[in-house]
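Please read the structure below before turning to the comments.
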Amino acid sequence: MKQGKNGEQGYILLETLGISLMLLAMTGCLLFYRQAAALRCADAARTTALYLAREEFSRLQWMEQNEESFSASSVQPWLGSPDSLRQNGGIYRVRAETGSRDSTGMVSVVVVVQWEKSGFSGEQRFRRLIGRHGQESKRM
């Protein structure tokens, strides 16, 4: 160790190790930030998918209520505006798979939402029974 002008001892190796450990910790934190940003992007895509599915269910319910019946046991394309399928920097595809009518007139509908956003893709499925207001399912 070297004596400095002020009587301080130089710890160059120790200082270098300390700075290296700090840099290592900082790069580790950047990985957490990157993962948090990816999770936030995926969460935004799932939330958008939820709202698109709700819109599709609402349009199908409106069609059922106004006796503009949709064909059972089929696949319905997106009923909304095509511009709605490009939101939050992502591209979405929505379709409704309808089952057959049961004895009470209710139709089981599965809305499938697929998306591609920021290099990630995903899919969510939502299921609901649709019928005219005033009809109730007799299942328990």
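Here side-chain hydrogen bond (donor to acceptor under 3.5 Å, both in side chains) pairs that include residues 117-126, with residues two or more places apart or in two chains, are Gln114-Glu123, Glu123-Arg125. The stretch residues 46-61 participates, sequence neighbours left out, in these side-chain hydrogen bond (donor to acceptor under 3.5 Å, both in side chains) pairs: Thr48-Asn88, Glu55-Arg59.
For the pair Val107 and Gly99, the tightest heavy-atom approach, listed with the atom from each and the gap, is CG1-O, 3.5 Å. Of all the heavy atoms in Ala53 and Val113, the pair that sits closest is CB-CG2, 4.1 Å. Minimum heavy-atom separation, Ser108 to Arg127: OG-NH1, 3.8 Å. Nearest heavy-atom pair, Trp115 versus Ala49, reported as atom, atom and distance to 0.1 Å: CZ3-CB, 3.8 Å.
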Audit row: Trp78, Ser84, side-chain contact (heavy atoms from CB on, under 4.5 Å) steps and yes/no: CA-CA 10 Å; Trp78 171 245; Ser84 302; 3.9 Å; yes
Intermediate values then yes/no, side-chain contact (heavy atoms from CB on, under 4.5 Å), Val111 and Arg128: CA-CA 8 Å; Val111 172; Arg128 185 179 289 178; over 6 Å; no
side-chain contact (heavy atoms from CB on, under 4.5 Å) evaluation trace for Ile12 with Thr16: CA-CA 6 Å; Ile12 294 175; Thr16 305; 4.1 Å; yes
side-chain contact (heavy atoms from CB on, under 4.5 Å) between Ile91 and Leu85, intermediate numbers included: CA-CA 6 Å; Ile91 300 170; Leu85 297 177; over 6 Å; no
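At least one side-chain heavy atom of Leu50 sits less than 4.5 Å from a side-chain heavy atom of Phe126. Inter-residue side-chain proximity for Val94 and Val112 is flagged as unmet; no heavy-atom pair is nearer than 4.5 Å. Residues Thr98 and Gln76 have side chains in contact (heavy-atom distance under 4.5 Å, counting atoms from C-beta outward).
Note on Tyr92 and Val110: separate hydrophobic clusters, where clusters join Ile, Leu, Val, Met, Phe, Trp and Tyr whose side-chain heavy atoms are under 4.5 Å apart, directly or indirectly.
Atom CG of residue Leu39 and atom CZ of residue Arg34 lie 12.0 Å apart, to the nearest 0.5 angstrom. To the nearest 0.5 angstrom, Phe32 atom CZ is 10.5 Å from Thr27 atom OG1. Between the CG atom of Leu24 and the CG atom of Leu17 there is a distance of 11.5 Å, given to the nearest 0.5 Å. If you take CG on Leu129 and CE on Met106, they are separated by 5.0 Å, rounding to the nearest 0.5 Å.
Of the possible polar contacts, one joining the Asn66 side chain to the Trp62 backbone as a donor-acceptor pair under 3.5 Å is found.
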